[in-house]
Amino acid sequence: MTLNIATWNINSVRLRADLVCKLLKNEDIDLLCLQECKSPVEKFPLDVFSKIGFSHLVACGQKGYNGVAIVSKFPLLEKCAIDFAGLGHARHIAAQLENGITIHNFYVPAGGDEPDRQKNEKFDQKLNYLTEMRDYFNANEPKKSILVGDLNIAPRPEDVWDHKKMAKIVSHTEVEIDHLDAVLRAGNWVDVTRKDIPQQKLYSWWSYRAKDWSSSDRGRRLDHIWASADIALNIGSSRILREVRGWDRPSDHVPVLATIDL
DNA sequence: ATGGTAGGTCTCCTA
């Protein structure tokens, strides 16, 4: 069977429930991971998604900030929702499908503007969050697992519009890239998007503040799909839906897609 | 060097 998965930082799922439906109708998606839902679970608009065949939900929510969810055509068993770094934020949820595939959905802290742990508590929290992710996957070796989400780091030179200009900008600093790489190595994860599309510039986020996001094209690849090594060869057909950034009242992130053949 | 936009708990916090 083939399973089509997607991840999207939606920046308010209640405001953009119609855009989620548009995506799910346009694309052949079976399972969608959302971040920045900005909604308590009891106010999550599941009824809207159920009407188009997505009746299964696991979610970790909070009022106004953060929030992660997985909506699916197929039944989901909630595995865990871990409060990495003890922030009390809704930034992780994991679920298992009936075929045994586990999906981890993450919203890693953005980290503020100043890339200095001493001066900026948010940056310290971001690095701590990544360290605890590393420790978790060292202790719990991922098998038949997918890790997706807004990891808020663009690790490669080709993941940002200008590698040199971004070197001291939070999301592309060396210390963040090292911490993210430690998570990848701890779980023996494969970066699926870059396995499929290794060379070209690739972005999943463009700031709202740009006058013309498309012509200036100052993007970053913050949203990722990883696979555990045992199933990485079964996963491919990666796409990033740039055109979604041009939809009416868009999120600042666009969906990242991949296909699993089992 | 600065400021630019967007969402929600909305005159302030987060991204």
Side-chain angles (χ1 to χ4, degrees), chain A residues 7-23 33-45 48 59-69 83-92 105-117 119-130 148-155 159-162 164-173 176 179-180 203-224 240 242-256:
Chain A
T7 179
W8 192 10
N9 178 318
I10 192 62
N11 188 18
S12 176
V13 70
R14 283 179 281 168
L15 188 70
R16 288 190 244 278
D18 56 335
L19 293 193
V20 173
C21 288
K22 182 175 175 179
L23 174 76
C33 296
L34 296 167
Q35 303 87 33
E36 279 208 89
C37 296
K38 296 186 174 177
S39 172
V41 176
E42 61 270 22
K43 292 189 177 175
F44 191 93
V48 177
C60 181
Q62 69 184 83
K63 195 162 69 170
Y65 298 102
N66 311 312
V68 288
D83 181 18
F84 292 96
L87 303 176
H89 296 173
R91 296 182 177 275
H92 170 259
N105 180 14
F106 279 97
Y107 176 47
V108 171
D113 291 331
E114 174 73 49
D116 183 317
R117 301 186 87 137
K119 294 180 189 166
N120 173 10
E121 182 188 35
K122 288 194 173 68
F123 194 71
D124 188 51
Q125 289 172 346
K126 181 178 195 174
L127 298 181
N128 290 338
Y129 194 97
L130 292 159
V148 309
D150 177 3
L151 305 184
N152 263 316
I153 297 171
D159 294 334
V160 293
W161 65 281
D162 189 315
K164 284 186 179 171
K165 287 193 173 73
M166 290 286 298
K168 291 178 180 172
I169 303 296
V170 171
S171 74
H172 196 62
T173 64
E176 289 169 273
H179 276 65
L180 187 67
Y203 314 136
S204 66
W205 173 89
W206 293 260
S207 173
Y208 282 127
R209 295 172 185 172
K211 282 193 188 77
D212 182 334
W213 70 273
S214 188
S215 64
S216 59
D217 203 21
R218 296 185 171 190
R220 307 176 196 173
R221 188 175 70 104
L222 304 178
D223 302 274
H224 299 260
I240 298 187
R242 178 188 173 102
E243 67 273 17
V244 171
R245 186 63 177 76
W247 287 0
D248 189 40
R249 293 199 78 188
S251 169
D252 46 353
H253 296 252
V254 299
V256 180

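In what follows, chains are A, B, ... by sequence order, proteins preceding strands, each numbered from 1. What you see below is based on every heavy atom in this structure, not just the backbone, and it leaves out hydrogens, waters and symmetry mates.
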If only side-chain N and O atoms of [X] are considered, is one of them under 4.0 Å from the OP1 or OP2 phosphate oxygen of [N]?
X: A:Arg249; N: B:dG7; result: yes
X: A:Ser12; N: B:dG8; result: yes
X: A:Arg16; N: B:dG7; result: yes
X: A:Arg91; N: B:dA15; result: yes

Take atom C1' in B:dA15 and the same atom in B:dC10, then report the distance between them in whole Å. 15 Å

Between A:Arg14 and A:His89, who's closer to the 5' end of DNA chain B by nearest nucleotide?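 With A:Arg14 and A:His89 compared, the 5'-side residue is A:Arg14.
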
A:Gln62 or A:Glu36, whichever maps to the more 5' nucleotide of DNA chain B: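 So the residue in question is A:Gln62.
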
Distance-only, no hydrogens or angles: does the A:Tyr208 side chain make a donor-acceptor pair with backbone N or O of A:Asp252 under 3.5 Å? yes

Rounded to whole Å, please give me the gap between [atom1] in [X] and [atom2] in [N].
X: A:Trp8; N: B:dA15; atom1: CH2; atom2: C1'; answer: 17 Å
X: A:Arg209; N: B:dA6; atom1: CZ; atom2: P; answer: 11 Å
X: A:Asn9; N: B:dG8; atom1: CG; atom2: P; answer: 13 Å
X: A:Lys211; N: B:dT5; atom1: NZ; atom2: P; answer: 9 Å
X: A:Lys165; N: B:dA1; atom1: NZ; atom2: C1'; answer: 15 Å
X: A:His253; N: B:dA6; atom1: NE2; atom2: P; answer: 15 Å
X: A:Trp205; N: B:dA15; atom1: CH2; atom2: C1'; answer: 9 Å
X: A:Leu19; N: B:dG7; atom1: CG; atom2: C1'; answer: 14 Å

Anything under 30° is parallel, anything over 60° is perpendicular, the rest tilted; go ahead and classify A:Phe106 against A:His92. tilted

I'd like to know if A:Arg242 and A:Asp217 make a salt bridge, using a cut-off of under 4.0 Å between side-chain N and carboxylate O.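 Answer for the salt bridge query: yes.
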
Donor-acceptor side-chain pairing of A:Gln35 and A:Thr7 below 3.5 angstrom: yes

Contact check, side chains of A:Val13 and A:Pro45, non-hydrogen atoms, under 4.5 Å: yes

